[in-house]
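Below, each value reflects all heavy atoms present in this structure, side chains not excepted, and no hydrogens, waters or symmetry copies.
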Amino acid sequence: MSGHAMRIAPSILSADFARLGDEVVRVVAAGADLIHFDVMDNHYVPNLSIGPLVCEAIRSRLEAPIDVHLMVKPVDALAAMFAKAGADIISFHPEASEHVDRSLALIRELGCKAGLALNPATPLQVLDHVMERLDLILVMSVNPGFGGQSFIPQALAKLAAIRRRIDAHRARGGQPIWLEVDGGVKVENIGAVAQAGADTFVAGSAIFGAPDADHGYGSVISAMRRELAAAPAQGRAA
């Protein structure tokens, strides 16, 4: 995956769907590390977005990893479909799976990295018995379902608590786990989010809302990288 210690993952939920293939090519050329793919089912969350056929279509345009965030219930069948469609990372919400451990194992058996996505009110105890199966933990800093929401400040404390868990897991000889944050991330707060412990940053409207598609995306991503470079190093995990 990306060689960057700090990874920026534009969310195509905020892209121009009429020219989605061009959008993902442009944003990767502008410096994105991976493409974040928000999947909503109008069941687990009150919105309906995109499915595996769209993932398969953009896979052929990209070398960058595709980071699929499943906001769906049930999980396993769609996880398998997205793995077949070319996803590299698949995360899901523990509330949406009857058997979290089995769903994580399935995603890895399908050849993908496996992640858990935690809503603002999801307790961290859900991580207690599955750390060895995780490649990524995604902290939602908004309630899932819609783009363009404001960052929930309490997410910073949650990120810091998870960073301590990841560091303790690594100290015991555990595998690397990315700590991703999704929701309301922008140039103005990405430094504080990194300081709390995140190393992977989903940004939708902050990037795709830039006025000029070619230079705008690059200027926002560059500004984010400057903020990350200036942030204390707590979140710079491998």
Taking all atoms of both residues into account, what is the closest heavy-atom pair of I50 and F17, and its distance?
-> CG2-CE2, 3.4 Å
Are V54 and L48 joined in one hydrophobic group, where the rule is that I, L, V, M, F, W and Y side chains link up if heavy atoms are under 4.5 Å apart?
-> no
In terms of hydrophobic clusters joined by side-chain contacts under 4.5 Å, are V27 and I12 together?
-> yes
Mind checking the CG-CG spacing from D76 to L104? Nearest 0.5 Å is all I need.
-> 9.5 Å
Ring geometry between Y44 and H93 (parallel below 30°, tilted from 30 to 60°, perpendicular above 60°) = tilted
From CA spacing to verdict: side chain to side chain contact (heavy atoms under 4.5 Å, CB included), I89, D135 | CA-CA 8 Å; I89 307 162; D135 301 291; over 6 Å; no
Joint cluster assignment, M140 & V202, ILVMFWY side-chain distance < 4.5 Å | no
Mark yes or no for whether N119, through its side chain, and A121, through its backbone, hold a donor-acceptor pair below 3.5 Å.
-> no
Sidechain N-carboxylate O distance under 4.0 Å for K113, D88 = no
Could you give me the CA-CA distance, side-chain angles and deciding distance for L116 and F92, then say whether side chain to side chain contact (heavy atoms under 4.5 Å, CB included) is met?
-> CA-CA 5 Å; L116 276 185; F92 65 92; 3.6 Å; yes
Non-hydrogen atoms of S103 and S97 that approach each other most closely | OG-OG, 2.7 Å
Within one Ile-Leu-Val-Met-Phe-Trp-Tyr cluster: V130 and L110, side-chain cutoff 4.5 Å | no
Any side-chain heavy-atom pair of M6 and D199 under 4.5 Å | yes
Would you name the heavy atoms of C112 and I90 that are closest together and state the gap between them?
-> SG-CD1, 3.9 Å
Spell out, as yes or no, whether a donor-acceptor pair under 3.5 Å connects the side chain of D41 to the backbone of K73.
-> yes
What heavy-atom pair brings C55 and A87 nearest, and what distance separates the two atoms?
-> SG-N, 4.1 Å
Does the side chain of F208 come within less than 4.5 Å of E23's, by heavy atoms?
-> yes
Within the side chain of K158, is there an N or O that forms a donor-acceptor pair under 3.5 Å with the backbone of T122?
-> yes
Is a side-chain N or O of R7 found less than 3.5 angstrom from the main chain of W178, in a donor-acceptor match?
-> no
Roughly how far, to the nearest 0.5 Å, is the CD1 atom of I137 from the CD1 atom of I177?
-> 5.0 Å
Using a 3.5 Å cut-off and no angle test, enumerate the donor-acceptor pairs between side-chain atoms of residues 180-193 and protein atoms at least two apart in sequence or in another chain.
from: D182; atom 1: OD2; to: H36; atom 2: NE2; distance (Å): 3.3
from: N189; atom 1: OD1; to: K186; atom 2: N; distance (Å): 2.9
from: N189; atom 1: ND2; to: G184; atom 2: O; distance (Å): 3.0

Taking Q175 for the side chain and M131 for the main chain, is one N or O donor matched with an acceptor at less than 3.5 Å?
-> yes
Interatomic distance, E56 atom CD to K84 atom NZ [nearest 0.5 angstrom] = 8.0 Å
Going hydrophobic residue to hydrophobic residue with side-chain gaps under 4.5 angstrom, can you get from F151 over to I162?
-> yes
So, R108 side chain and R133 main chain: donor-acceptor pair closer than 3.5 Å or not?
-> yes
Looking at R163, R170, R165, which hits salt bridge (charged side-chain N to carboxylate O under 4.0 Å, His left out) with D167?
-> R163
Backbone of D38 reached by a side-chain donor or acceptor of S49 within 3.5 Å | yes
Exam field: side chain S219 to backbone G216, donor-acceptor pair closer than 3.5 Å = yes
Gap between atom CG of L34 and atom CD1 of I66 - 0.5 Å precision = 10.0 Å
Which atom of S141 lies closest to which atom of A155, heavy atoms considered | CB-CB, 3.7 Å
Looking at OG of S11 and NE2 of H69, how far apart are the two atoms once the value is rounded to the nearest 0.5 Å?
-> 9.5 Å
Just wondering, do V75 and L106 contact through their side chains at under 4.5 Å, heavy atoms?
-> no
Distance, nearest 0.5 Å, that separates CE of M71 from CG of N42 = 12.5 Å
What one should report as the nearest heavy-atom pair of S91 and L136 is CB-CD2, 4.1 Å
Could you tell me whether the side chain of L134 reaches within less than 4.5 Å of the side chain of I166, counting heavy atoms only?
-> no
